[in-house]
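Encoded as structure tokens, the structure appears first; notes follow it.
Chain A is the first sequence line, chain B the second, and so forth, proteins listed ahead of strands; every chain is numbered from 1.
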There are 2 protein chains.
Amino acid sequence: MTPAGRRIVAAAEELFYNRGITAVGVDLIAEHSGVTKRTLYNQFGSKDHLVAVYLRERDQRWRALVRAAVDAAGTPAEAVTAPFEALRTWSETNTRGCAFINALAELPDPSHPAHRIAADQKLWLLNLFEELATAVGCSQPATLATQLLVLHEGAVATRPLPLDSLPASAGLARALVRAAASPRG
Amino acid sequence: MTPAGRRIVAAAEELFYNRGITAVGVDLIAEHSGVTKRTLYNQFGSKDHLVAVYLRERDQRWRALVRAAVDAAGTPAEAVTAPFEALRTWSETNTRGCAFINALAELPDPSHPAHRIAADQKLWLLNLFEELATAVGCSQPATLATQLLVLHEGAVATRPLPLDSLPASAGLARALVRAAASPRG
DNA sequence: TGCCAGGTATACTGATCTGTGTACATCTCC
DNA sequence: GGAGATGTACACAGATCAGTATACCTGGCA
């Protein structure tokens with residue numbers, strides 16, 4: 001990606017996430033990235049494609065954060081709930097909920113690339129939870145993984161509201177892992 | 001509200017929820033409700049106001065469904081998780097997630113009426129959970145209520161994705177209530 | 001009979017939207 | 001020095017956006 005292309009994606013990330021995809025026009029993105037609209041279209045072809053690139057980049061950044069949190073965990077049990085630690089960091093600067101869920105809200109067409117990207121992101125996290133649950137010695141890792149995913153998404157979805165639900169969800173996640181990893185789990 | 005007004009709100013509900021608020025223009029709503037744009041503006045004054053009415057009407061319909069499910073529950077323990085039964089019914093025809101979370105995604109301005117309506121809706125459910133948790137004899141109803149809310153919102157938020165997370169969240173909710181209502185809860 | 005609210009029909013404003021056309025500048029690499 | 005890629009500058013098309021103006025119709029009610 002060219003320097004101008006990177007600036008465009010950076011501006012698109014900030015604007016799309018904070019103001020909404022439909023509400024932000026390509027003119028505004030071009031202005032914020034110090035680039036001509038012509039350059040934007042030469043690089044990305046269409047707004048829809050730029051939206052897809054925005055979501056993909058964001059997904060990569062988020063996965064790297066989660067991976068780092070999992071790798072930094074001291075024990076296998078802590079690793080299972082490490083994504084909730086990552087979420088705590090992530091949601092400090094991302095206060096408008098999940099960018100992918102939000103994108104689906106604005107782009108109802110199932111053939112839009114955003115739908116596949118969003119689904120892949122959630123399935124990736126689900127698989128990660130299942131791997132970590134298996135590693136911790138849980139007898140039903142698939143069930144635990146789904147429960148953890150729901151808790152995670154619930155915490156993200158309620159982020160824009162004045163609730164502070166992250167501690168409750170992270171606490172419950174740890175309790176679930178404790179119970180599942182115990183001899184009777 | 002006049003007959004034309006009701007038709008406008010009905011059309012707005014269907015279009016705003018399924019296609020997105022920003023993506024749907026007032027012309028389309030007028031056309032779908034068999035009404036002139038002049039009538040729409042005579043009734044609601046602005047698109048923003050119509051959006052607020054749409055969310056308020058939807059909120060009332062949803063609360064009635066939840067209340068009915070709670071009242072129909074056989075035992076206090078079943079009453080606590082009754083909102084998850086209501087959610088099962090509700091999400092059969094509402095497959096695009098939470099209309100209020102989606103609205104916040106599209107309307108970043110915190111002074112927009114949608115923000116207050118969305119926050120009120122979640123707080124109402126949180127309070128309902130807490131009341132029901134208290135009635136079932138839970139020692140820490142506030143904690144349980146927050147956990148149940150997160151589970152509920154997680155299930156709703158992941159509805160547009162190919163996951164089927166509702167059984168997992170409802171099952172976990174019942175397990176939590178069982179544990180909290182037991183002598184050692 | 002007359003009034004008036006609710007509603008229709010239609011044209012319009014001014015702004016904004018995505019996307020394109022065209023001509024020119026700059027830079028690197030061969 | 002020339003070619004091709006990167007980017008600028010700017011005007012433009014065609015559609016759609018929220019919202020308004022004006023004139024007219026119709027049913028109920030006083």
Could you tell me if A:Asp48 and A:Ser46 have a donor-acceptor pair between their side chains, going purely by distance under 3.5 Å?
no
Can you tell me how far CG of B:Leu104 sits from CZ of A:Arg159, rounded to the nearest 0.5 angstrom?
13.0 Å
Whole-Å distance separating the CG atom of A:Leu40 from the P atom of C:dT18:
10 Å
To the nearest Å, give me how far apart CD1 (A:Ile29) and P (C:dG19) are.
11 Å
Assigning hydrophobic clusters by single linkage (Ile, Leu, Val, Met, Phe, Trp, Tyr; side-chain heavy-atom cutoff under 4.5 Å), is B:Leu125 placed with A:Val150?
yes
For A:Arg6 and A:Glu57, run salt bridge (Lys or Arg N to Asp or Glu O under 4.0 Å): C-alpha distance rounded to whole Å, both residues' side-chain angles, the deciding distance at 0.1 Å, then the answer.
CA-CA 10 Å; A:Arg6 278 188 288 271; A:Glu57 292 273 314; over 6 Å; no
Contacts of B:Phe100 that satisfy ring-ring contact (aromatic ring centres under 6.0 Å, His included) - sequence neighbours left out
none
Heavy-atom donor-acceptor pair, B:His112 side chain to B:Ala103 backbone, under 3.5 Å
no
Restricting to pairs with a member in residues 7-29 of chain B, which pass side-chain hydrogen bond (donor to acceptor under 3.5 Å, both in side chains), not counting sequence neighbours?
B:Glu13-B:Arg61, B:Thr22-B:Glu106, B:Asp27-B:Lys37
Could you check which residues of residues 102-117 of chain A get a heavy atom under 4.0 Å from DNA chain C? Sort them by number, please.
none
Protein and nucleotides 14-18 of chain D: nitrogen or oxygen contacts under 3.5 angstrom:
residue: D:dA18; atom: OP1; partner: B:Lys47; partner atom: NZ; Å: 2.8
residue: D:dA18; atom: OP2; partner: B:Val26; partner atom: N; Å: 2.9

For a side chain to side chain donor-acceptor pair (under 3.5 Å) check, start with the C-alpha distance between A:Ser169 and B:Gln147, then their side-chain angles and the critical distance, and finish with the verdict.
CA-CA 6 Å; A:Ser169 63; B:Gln147 292 170 343; over 6 Å; no
Tell me, which pairs form a ring pair (Phe, Tyr, Trp, His ring centres under 6.0 Å) where one or both residues lie in residues 130-177 of chain A, sequence neighbours left out?
A:Phe84-A:His152
Kindly give the atom pairs (protein nitrogen or oxygen, nucleotide nitrogen or oxygen) under 3.5 Å for nucleotides 5-9 of chain C.
residue: C:dG7; atom: OP1; partner: B:Thr2; partner atom: OG1; Å: 3.3
residue: C:dG7; atom: OP1; partner: B:Ala4; partner atom: N; Å: 3.2
residue: C:dG7; atom: OP2; partner: B:Thr2; partner atom: OG1; Å: 3.1
residue: C:dG7; atom: OP2; partner: B:Gln43; partner atom: NE2; Å: 2.8
residue: C:dT8; atom: OP1; partner: B:Gly34; partner atom: O; Å: 3.4
residue: C:dT8; atom: OP2; partner: B:Thr36; partner atom: N; Å: 3.4
residue: C:dT8; atom: OP2; partner: B:Thr39; partner atom: OG1; Å: 2.8

Test your reading of the model: is there a side-chain donor-acceptor pair from A:Thr36 to the backbone of A:Thr39, 3.5 Å cut-off?
no
Separation of D:dT6 P from A:Phe44 CZ (nearest whole Å):
12 Å
Calculate the interatomic distance between A:Phe16 atom CZ and C:dC17 atom P; express it in whole Å.
12 Å
Parallel, tilted or perpendicular, as decided by the 30° and 60° cut-offs, for the rings of B:Trp62 and B:Trp124
perpendicular
How many Å lie between CD on A:Glu31 and P on C:dC17, as a whole number?
11 Å
